[in-house]
Chemist: 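Before I ask anything, let me first share the structure, which is written out below as structure tokens.
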Amino acid sequence: MAADQEAHPPPEETGEGDPHAFQVHLDNFEGPFDLLLALISKHKLDITEVALSRVTDEFIAHIRDYGEEWDLDQASNFLLVAATLLDLKAARLLPRGDVEDEADLALLEARDLLFARLLQYRAYKEVAAVMSERMAAQGRRYARAVPLEERFASLRPEVFLRLGPREFAALAGRVFTPKEPPSVPVTHIHQTRTSVKEQGELVVAALREHGTLTFTELTEGCTGTFEVVARFLALLELYRASNVGFDQPEPLGALSVTWTGGEGEVRVETDYDDAVDEEEGR
Amino acid sequence: MSAEHAAGVGDVSAPPTLRRDLEAVLMVVDQPVSEYDLARALDLPVDAVTRTLEELSREYTEQGRGFDLRAVAEGWRVYTRPECADVVEHFLREGQEVRLTQAALETMAVVAYRQPVSRGRVSAVRGVNCDGVMRTLVLRGLIEEAGHDSESGALLYRTTSYFLERLGLRALDELPDLAPFLPDDIEGLDDTGEHTQ
Amino acid sequence: MSAEHAAGVGDVSAPPTLRRDLEAVLMVVDQPVSEYDLARALDLPVDAVTRTLEELSREYTEQGRGFDLRAVAEGWRVYTRPECADVVEHFLREGQEVRLTQAALETMAVVAYRQPVSRGRVSAVRGVNCDGVMRTLVLRGLIEEAGHDSESGALLYRTTSYFLERLGLRALDELPDLAPFLPDDIEGLDDTGEHTQ
């Protein structure tokens with residue numbers, strides 16, 4: 001039993017991160033919440049805003065490491081969490097004192113929701129550990145289940161099959177039918193891979209041509225959330241470098257973006273780019 | 001000696017042979033048997049049966065016996081003591097129970113505390129698709145189908161009595177309380193982790 | 001009390017846990033066990049084991065327990081005490097029909113259509129360990145051992161005449177053909193339920 005435990009080590013317990021163990025079990029994470037919890041415990045952090053900002057990069061890096069091995073369900077769940085984390089990180093790129101508009105509030109809500117789900121997941125994970133201990137302890141007890149003594153054999157309680165021969169055969173058919181997991185082609189996901197740099201260049205070109213565009217117009221040609229997020233991040237970078245100006249007359253209204261940069265070459269550099277470039281080059 | 005014992009334990013209606021008869025019946029069952037079924041077969045009041053079962057269980061422990069009488073899931077059953085597991089495993093030819101994966105344990109935990117619950121809801125809590133794991137848990141007899149949700153029509157699942165037996169519990173309300181594992185401030189969460197307000 | 005007992009019974013080399021370990025093993029083995037096998041498993045002298053077994057048997061009688069430890073041809077086994085036979089018979093006769101779980105039904109289906117078949121192969125088809133379920137089906141008299149596989153030496157199982165009776169069939173060849181219940185494209189199935197191509 002001890003050997004079994006070594007062969008299938010459970011992901012780390014919260015609060016007891018062992019960096020070496022973490023490296024070994026990198027591929028064992030089941031779902032984004034599992035990974036986030038492990039990243040947080042690796043840094044011995046509580047689930048706080050600080051924790052999220054510090055683990056975001058590692059989370060994204062982990063997603064990259066998976067390469068093509070994702071199934072659609074897993075990938076979309078991870079992307080959902082990744083998008084939320086990126087949003088939160090993006091919010092921190094905004095100049096200080098600009099945290100009270102609706103978009104920021106929405107981000108705060110997204111953060112709270114992520115926290116809440118993470119906390120809930122952690123609770124179930126911990127109670128699962130309690131169940132595991134109980135099952136292990138109970139598994140050490142063996143129930144008496146022995147054949148009836150001959151004198152009682154004829155008195156055996158009848159077994160109630162609830163099935164006729166045809167139903168029984170139908171059941172057998174179901175059992176013998178191979179269980180191929182439903183598969184959805186995931187190749188199209190990879191076509192949407194992009195980089196902030198690449199999307200930034202498109203944004204710069206479009207703004208230079210038109211001067212002012214709404215965010216909706218800027219993201220019209222996007223083929224997925226991935227590209228929208230990349231263009232949004234690119235805009236934040238351009239804003240930080242004073243190459244664009246934003247105007248949003250009313251909360252939740254259209255966001256218009258105006259080119260304020262010069263004619264010279266503008267490169268959109270972000271800390272996500274290195275990562276994505278590496279991947280593109282692979 | 002047994003007669004003295006039984007007289008001291010049971011009420012006036014419990015015959016001195018009750019203790020002995022219960023032990024004999026427990027020797028031939030191959031699944032947990034309820035106090036109710038035992039009382040009916042012996043034609044005795046349930047509370048006399050229950051008291052005697054509890055007394056026997058205590059006695060086995062006090063005498064340091066290698067077996068134990070335990071109330072689990074749907075009734076009482078004789079088990080070996082955990083301390084003797086090594087030598088018992090040597091004699092039971094069946095392979096050891098395969099340990100559940102972490103994913104299966106977590107999924108089972110969500111079903112246990114949220115039952116009856118749909119696969120979609122379990123997946124939402126864990127943040128990952130749980131369909132395959134749920135099927136494994138059904139095959140293992142730990143969870144089972146429990147009808148359809150009246151609103152969404154989604155197939156619902158609940159834990160089985162085998163689940164209780166494997167955990168050594170009598171009933172679902174003996175499951176450890178989830179509250180200590182949850183922080184105080186997320187009581188407004190509904191099943192999907194969203195705030196209800 | 002148990003420690004005193006063991007010390008008084010065994011020789012100097014018998015550990016105080018011997019009594020407890022023997023009780024545990026005897027409570028769950030599904031056939032009589034010889035002193036020799038017990039001694040080998042516990043790594044103790046045969047005579048220490050034999051003395052302890054005899055002492056336990058005497059003790060159960062003295063305490064008026066409902067069970068009894070007796071040596072038969074092949075070894076030692078726990079039996080119900082003859083005085084309790086009426087109660088046990090009554091309990092068994094009045095007992096309700098046993099409903100099989102889904103896991104048990106599926107396991108039985110694999111045995112029925114693949115017999116003679118080993119536990120390993122049944123587990124492979126169902127995708128989960130079936131050892132415990134197979135044991136239950138044997139106890140229920142629905143399947144039985146059917147010799148060893150000539151190549152692998154694995155123990156094989158087949159269905160019993162009781163199985164046929166419960167299903168309302170006279171012979172195995174009355175089992176409905178499986179083909180209409182299988183998808184068209186899995187004719188190349190091997191025994192493990194996997195595509196051979």
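Lettering follows sequence order; numbering is per chain, from 1. Model, not experiment: these values are computed from the prediction.
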Chemist: Between P32(B), A85(B), G132(B), who has the most heavy-atom pairs with chain A when the cutoff is under 4.5 Å?
Modeler: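 Answer, by heavy-atom pair count under 4.5 Å with chain A: A85(B).
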
Chemist: Is V78(B) close to chain A through its backbone or its side chain, or both, or neither, when contacts mean heavy atoms under 4.5 Å?
Modeler: both

Chemist: For A124(B), does its backbone N or O pair with a side-chain atom of R117(A) as donor and acceptor, under 3.5 Å?
Modeler: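 Yes, R117(A) side chain to A124(B) backbone: donor-acceptor pair under 3.5 Å.
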
Chemist: How close do Y142(A) and V88(B) get, counting heavy atoms only, and between which atoms?
Modeler: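 Result for this residue pair: CD1-CG1, 3.6 Å.
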
Chemist: If we check side chain to side chain contact (heavy atoms under 4.5 Å, CB included) with Q138(A), which of these qualifies: L167(B), L169(B), V72(B)?
Modeler: V72(B)

Chemist: CZ/R134(A) to CZ/R166(B) distance, rounded to the nearest 0.5 angstrom?
Modeler: 12.0 Å

Chemist: How long is the span from the CD atom in Q31(B) to the CZ atom in R144(A), to the nearest 0.5 Å?
Modeler: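 So the gap between those two atoms works out to 15.0 Å.
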
Chemist: Which one of D68(B), T101(B), V28(B), L105(B) has the most heavy-atom pairs closer than 4.5 Å to chain A?
Modeler: L105(B)

Chemist: List the atom of G127(B), the atom of P32(A), and the distance in Å for their closest heavy-atom pair.
Modeler: O-CD, 3.0 Å

Chemist: M131(A) versus L175(B): any side-chain heavy-atom pair under 4.5 Å?
Modeler: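 A side-chain contact under 4.5 Å exists here.
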
Chemist: Just wondering, more than 12 heavy atoms not from R162(A) lying within 6.0 Å of its CZ?
Modeler: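 Enclosed: over 12 neighbouring heavy atoms sit under 6.0 Å from CZ of R162(A).
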
Chemist: Does any part of the side chain of Y124(A), heavy atoms only, come nearer than 4.5 Å to the side chain of L178(B), both counted from C-beta?
Modeler: yes

Chemist: Which bit of D86(B) comes within less than 4.5 Å of chain A, counting heavy atoms only: side chain, backbone, both or neither?
Modeler: both

Chemist: If you count heavy-atom pairs under 4.5 Å between each of T80(B), D131(B), T107(B), V29(B) and chain A, which one has the most?
Modeler: T80(B)

Chemist: In Å and rounded to the nearest 0.5 Å, what is the CE to CZ distance from M135(A) to F163(B)?
Modeler: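 One gets 7.0 Å once the value is rounded to the nearest 0.5 Å.
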
Chemist: Name the region of L142(B), side chain, backbone, both or neither, that has any atom closer than 4.5 Å to a heavy atom of chain A.
Modeler: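 Contact with chain A involves the side chain of L142(B) alone.
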
Chemist: Give, as side chain, backbone, both or neither, the part of R126(B) having an atom under 4.5 angstrom from any heavy atom of chain A.
Modeler: both

